[in-house]
Amino acid sequence: MSRTPLIAGNWKMYKTGPEAVAAATRLAELASDIVNTDIMIAPTFLSLPLVSGVLAESNVKLGVQNLFHETEGAFTGEVSPGMVKAAGADYAIIGHSERRQYFGETDDAVCKKVKASIDADLIPILCIGETEEQRADDKTFSVLDKQITNGLNSLCSRDLGTLVLAYEPVWAIGTGKTATPEQVAGIHEYIRSLINRLFGNELAMSIRILYGGSVKPKNASELMALDDVDGALVGGASLDVDAFIQIIRYDR
Ligand code: PEP
């Protein structure tokens, strides 16, 4: 089964509104001829409506880096899936390791956010990955098992038709240390087999599994060439439109 690659940029807490508009405008121009790769950028909530206007006629989609699972209510400081959808987002990054690490996000909270995203017709990108310590303790597979099983708890393959997974080893995020192609190939194959065990072969074959962790123009093509890698979630390098477009064009 062929899976359309997705290259997603996580802009984290960078770029003011005008900076985000300038970068998105340039990216939309540079990516205007790309038809065989899905492209997404996730600016801050604040920039969402501004960037949405710029991307409206383009083939670059918009996402958010987080959301809250309730539809509305007295939840000070939070933003709902319906609100981000109305502001132009199509994707939601859920359970990024920085959210888990700095904001105490649990698998249970992640699961609620995945469900709420699907209900609001957003495509969830569920982030999973082990820390350096967990890898050293040989716990990589059990950590991934737990994050996937609990993060998708009580969902079924029918609900998960659009779900994207992003394998992001925490030790490779923003560190310049990239997992080797051999490491990535083994983990992605394992994740696909786990999805097969939990949700069946159809979802396992169709689900996109991205790699994230210090993806740069120089290492993108060898990672993207791997059978079970269906794109990338890019942090630092997505902030620089020239570097990001080179990653998007990895196979050209
Ligand atoms: C990320 O934040 O999801 C990420 C992969 O960051 P970086 O590309 O900077 O490692």
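Indexing begins at 1, ligand by ligand and atom by atom, following the structure's order. This one's a predicted model, so the numbers in the text were calculated from it and none came from an experiment. FYI, the numbering just counts along the sequence from 1.
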Tabulate below the donor-acceptor pairs under 3.5 Å that side-chain atoms of residues 217-224 make, not counting sequence neighbours, or state none.
unit_1	atom_1	unit_2	atom_2	d
Asn219	OD1	Lys216	N	2.8
Asn219	ND2	Thr178	OG1	3.2
Asn219	ND2	Ser214	O	3.0

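The ring-ring contact (aromatic ring centres under 6.0 Å, His included) analysis of residues 28-84, with sequence neighbours excluded, yields the pairs Phe68-Phe75. Residue pairs satisfying the ring-ring contact (aromatic ring centres under 6.0 Å, His included) criterion with at least one member in residues 128-151, sequence neighbours excluded, are listed as follows: Phe141-Tyr190.
Sorted by chain and number, the heavy-atom contacts of ligand 1 below 4.0 Å come from Asn10, Lys12, His96, Glu168, Ala172, Ile173, Gly174, Gly212, Gly213, Ser214, Leu233, Val234, Gly235, Gly236.
With hydrogens and angles ignored, the 3.5 Å screen pairs no side-chain donor or acceptor of Ser52 with any backbone N or O of Leu48. Judged by distance alone, the side chain of Arg192 and the main-chain N or O of Ile207 form a donor-acceptor pair under 3.5 Å.
Using a 4.0 Å cut-off between charged side-chain N and carboxylate O, Lys139 and Asp145 make no salt bridge.
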